[in-house]
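Positions are given from 1, in the same order as the sequence printed here. Quick note: numbers below take in every heavy atom, side chains included, and nothing from hydrogens, waters or symmetry partners.
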Amino acid sequence: FVYAGDEPKMAMHAKHELTASGQIPMYERKGDRKGYLGDKYRHWLRYQMKIGDKMKLGLVASKDAGEPFFKDKNKYGYDYYSPYLEMKKLGRLETLVLGNYRVSMGMGMVMNNSFALGKIAMLQNLGRQTNTLRAHSSRTMGYLQGVGATLRLARSMRLTAFASYTPMDATLNKEGDAQTIVTTGYHRTQTEMDKKNNLHALKTGGQLRYDARGLHLGLNALYVHLDRRLTPNKTQTYNWYKTEGTEFVNASIDYGYTRHQLAINGETATDGNGHIATINTVSYAMNNGLRLMALQRYYSYQYSSLDAQSYSDGGRVQNESGVYVGMQWQPSPRWQLAAYADYAYHPWAVYRKEGPTHQMDYLIQCAHNTGNWRLTARYRLKADDKEHRTRLIAEYANDNFSSRTQLDAGYLATEESELGAMISESLAYTHRWLRVNVGAGYFHTDSYDSRVYLYESGPLYTYSMQQFYGEGVRYWLMLRAKAGRNLMLTAKIGVTNYFDRNTISSHYQQIDRSSKTDVDIQLRWKI
């Protein structure tokens, strides 16, 4: 137990939460019979103690289906552990993190292992990006491990510093160098287990930030040392400028000014060889409900960074330049309109394409609210891929009941044109201590390229975004019940039934049937 602060009864305000979750597949994969090192069940634990907004202490432990439990390299039980401690408001020490944590600085040109904003989210955020140092309390990869702190030097000046030594999964070549950094987190087969913790990274850096009267300036720096040389396979043209070496240095300046409705933000960075990456945004919110934003980025195809993550069309802060313009307009409380146009240019080859490439991406979305109803229509066009996608949503909600009817459709206007569509319905009902979620959808696509996506409700701390192709149905039922003030039980069953195949997936994941059923159970205790 860790105590910090002036209140002698501080421990009396501690809040505890313990969550245990498990997934039971009602089928057998090929790897379950021969190939996987562990059983077919997935389960994880999460404990957290909080004392107001000053302290957070916890531990996350998890294993995926097929991973060993208390054997092989997992002789201490779970395949993944994440201990963390976060303390705030300790005088001039604004934030202190120990264990596993995440860092984001500026707009992500040097480091951002928290999250990346999508194109719609950029509109909602108007290009602003916050600087964070926070504990890592999830099951995702990409965290730092060590210590970090933010110190208030003066009223408008803050210093953030961190140091991390983290094991990483990697594929090794014949010379013993790291050819690929693996971020899936899976250790189900002997091949996957042999990649576990093959690489260790020392990362240290920080930020000096000034923030006053609407102006902010930040100096960011990061040094990375790997205990093996990173040597990517460069037989493919698009890999020629992938990051390689054992030592990496990145530095940047981020800047911004906010005044009434106007906001200007940006960051310009360089790597150890002088290659440049920069992103800049300007946004303006008018009094009539209209908000406009423009974004420019230039990421040199030679810019090298292991931890940069920001807005991009290609998914990396490298080999891209472009311009994004967007708007949101709310002419009345009932109507909202959003749209963007994004142009991206890749001067070097990208995956599955040779030579320089261009991409134009357009989206328009309209929403109407009336009473308990909300109607939304969205259309998106990726011009160079000749990909058209549309979504129609009708939602209804009152105090106890909600429903969502959704139609997704896609069309690829290529030589062999393809169609894909899905119609789905989800319902939710709450009565005192019980909440019921139920949903179903039918999908039919010509191939994987015209696949459709569907979000469905799941247990707490679980993100469930499904993708489907071919023809079939998906349906699920989830019950969430409160047992007194401290205990909550969640159970979910989900079924995917395909009409166009006798097997699902391939290799070790292959299921020798046309349908699969998963059962999720979660128990949450909170005091």
For this session: Report, as yes or no, whether the 6.0 Å neighbourhood of atom CD on Glu416 holds more than 12 heavy atoms from other residues, nucleotides or ligands.
Result: no
For this session: Sequence neighbours left out, what pairs pass salt bridge (Lys or Arg N to Asp or Glu O under 4.0 Å) with at least one residue falling in residues 177-193?
Result: Arg188-Glu192
Exercise. Counting only heavy atoms not in Lys40, do more than 12 sit closer than 6.0 Å to its NZ atom?
Worked result: yes
Exercise. Going through the checks in order, is the side chain to side chain contact (heavy atoms under 4.5 Å, CB included) test met by Tyr475 and Tyr442?
Worked result: CA-CA 9 Å; Tyr475 49 95; Tyr442 168 78; over 6 Å; no
For this session: Tell me yes or no: between the side chains of Tyr41 and Glu67, is some donor less than 3.5 Å from an acceptor?
Result: no
For this session: Taking atom NZ of Lys234 as the centre, report whether more than 12 heavy atoms of other residues, nucleotides or ligands fall under 6.0 Å from it.
Result: yes
For this session: Assert yes or no for the condition that the ring centre distance of Phe248 to His225 is strictly below 6.0 Å.
Result: no
For this session: Looking only at non-hydrogen atoms, find the nearest pair between Asn319 and Ala349 and report the distance.
Result: ND2-O, 3.7 Å
Problem set entry | With sequence neighbours excluded, residues passing side chain to side chain donor-acceptor pair (under 3.5 Å) with Tyr299 | none
Exercise. Side chain of Thr204, backbone of Phe162: donor and acceptor closer than 3.5 Å?
Worked result: yes
Problem set entry | Crowding at NZ, Lys526 (>12 non-hydrogen neighbours, <6.0 Å) | no
Exercise. Is Asp342 paired with Arg297 through a side-chain N to carboxylate O contact shorter than 4.0 Å?
Worked result: yes
Problem set entry | Residue list, side-chain contact (heavy atoms from CB on, under 4.5 Å) with Asn198, at least two apart or on another chain | Ala170, Leu172, Lys195
For this session: Walk me through it: do Leu37 and Gln190 pass the test side chain to side chain contact (heavy atoms under 4.5 Å, CB included)?
Result: CA-CA 7 Å; Leu37 302 174; Gln190 190 59 52; 3.9 Å; yes
Exercise. Are Tyr143 and Tyr101 an aromatic pair by the rule of ring centers under 6.0 Å?
Worked result: no
For this session: Check whether the side chains of Arg435 and Thr430 place a donor and an acceptor atom closer than 3.5 Å, and report yes or no.
Result: yes
Exercise. So, Ser164 and Thr166: side-chain donor and acceptor under 3.5 Å apart, yes or no?
Worked result: yes
Exercise. Excluding sequence neighbours, so at least two apart, what forms side chain to side chain donor-acceptor pair (under 3.5 Å) with Thr445?
Worked result: none
Problem set entry | Geometric class of the Tyr396/Phe401 ring pair [parallel <30°, tilted 30-60°, perpendicular >60°] | tilted
Exercise. Cut-off 3.5 Å, side chains only: do Gln179 and Thr231 have a donor facing an acceptor?
Worked result: no
Exercise. Are any of the side-chain heavy atoms of Trp476 and Val495 separated by less than 4.5 Å?
Worked result: no
For this session: Could you tell me if the ring centre of Tyr340 sits under 6.0 Å from that of Tyr362?
Result: no
Seminar exercise, completed: For Gln48, the side-chain contact (heavy atoms from CB on, under 4.5 Å) test, sequence neighbours excluded, returns Arg46, Lys50, Lys56, Tyr84, Ser137
Exercise. Minimum heavy-atom separation for Asn250 to Ser304, with atom names?
Worked result: ND2-O, 3.0 Å
Exercise. Where is the tightest heavy-atom contact between Ser305 and Thr243, given as atom of each residue plus distance?
Worked result: N-OG1, 3.6 Å
Seminar exercise, completed: Residue set satisfying ring-ring contact (aromatic ring centres under 6.0 Å, His included) with Phe499, at least two apart, ordered chain then number -> none
Seminar exercise, completed: Note: Asp313 and Glu320 closest approach over all heavy atoms is N-OE2, 2.8 Å
For this session: Indicate the atoms forming the closest heavy-atom contact of Asn74 with Pro68, along with that distance.
Result: ND2-O, 3.0 Å
Exercise. So, for Tyr469 and Tyr453, is the gap between ring centers shorter than 6.0 Å?
Worked result: no
Exercise. Do the charged groups of Arg389 and Glu387 touch, with an N to O distance under 4.0 Å?
Worked result: yes
For this session: Before accepting this row, confirm whether a basic side-chain N of the pair Arg404/Glu425 lies closer than 4.0 Å to the acidic partner's carboxylate O.
Result: no
Exercise. Under the ring-ring contact (aromatic ring centres under 6.0 Å, His included) rule, what pairs show up with a residue in residues 164-187, not counting sequence neighbours?
Worked result: Tyr165-His200
Exercise. Do Gln510 and Asp512 have side-chain atoms, one donor and one acceptor, less than 3.5 Å apart?
Worked result: yes
For this session: Go through the steps for His388 and Tyr379 under the test side chain to side chain contact (heavy atoms under 4.5 Å, CB included), then give the verdict.
Result: CA-CA 8 Å; His388 304 257; Tyr379 169 72; 2.7 Å; yes
For this session: Using the test side chain to side chain donor-acceptor pair (under 3.5 Å), find all partners of Asp518 that sit at least two apart in sequence or belong to another chain.
Result: Tyr27
Exercise. Is Tyr238 atom OH crowded by more than 12 heavy atoms from other residues, nucleotides or ligands, each under 6.0 Å away?
Worked result: yes
Exercise. Who passes side-chain contact (heavy atoms from CB on, under 4.5 Å) against Gln466, sequence neighbours left out?
Worked result: Glu456, Ser464, Phe468, Arg474
Seminar exercise, completed: salt bridge (Lys or Arg N to Asp or Glu O under 4.0 Å) pairs touching residues 457-467, sequence neighbours excluded, are none
Exercise. How would you list, by chain and number, every residue that makes a side-chain contact (heavy atoms from CB on, under 4.5 Å) with Lys353, sequence neighbours excluded?
Worked result: Val350, Thr357, Asp385
Exercise. Is the backbone of Arg29 close enough, under 3.5 Å, to the side chain of Asp32 for a donor and an acceptor to pair up by distance?
Worked result: yes
For this session: Answer yes or no: does atom CG of Asn398 have more than 12 heavy-atom neighbours from other residues, nucleotides or ligands under 6.0 Å?
Result: yes
Problem set entry | Check: Ile364 and Arg378 side chains under 4.5 Å, non-hydrogen atoms | no
Seminar exercise, completed: Heavy atoms of Ala135 and Glu86 approach each other most closely as N-OE1, 2.8 Å
Exercise. If you measure only the distance, is there a donor-acceptor pair under 3.5 Å linking the side chains of Gln406 and Asp408?
Worked result: yes
Problem set entry | For His346, all residues meeting side chain to side chain donor-acceptor pair (under 3.5 Å), sequence neighbours excluded | none
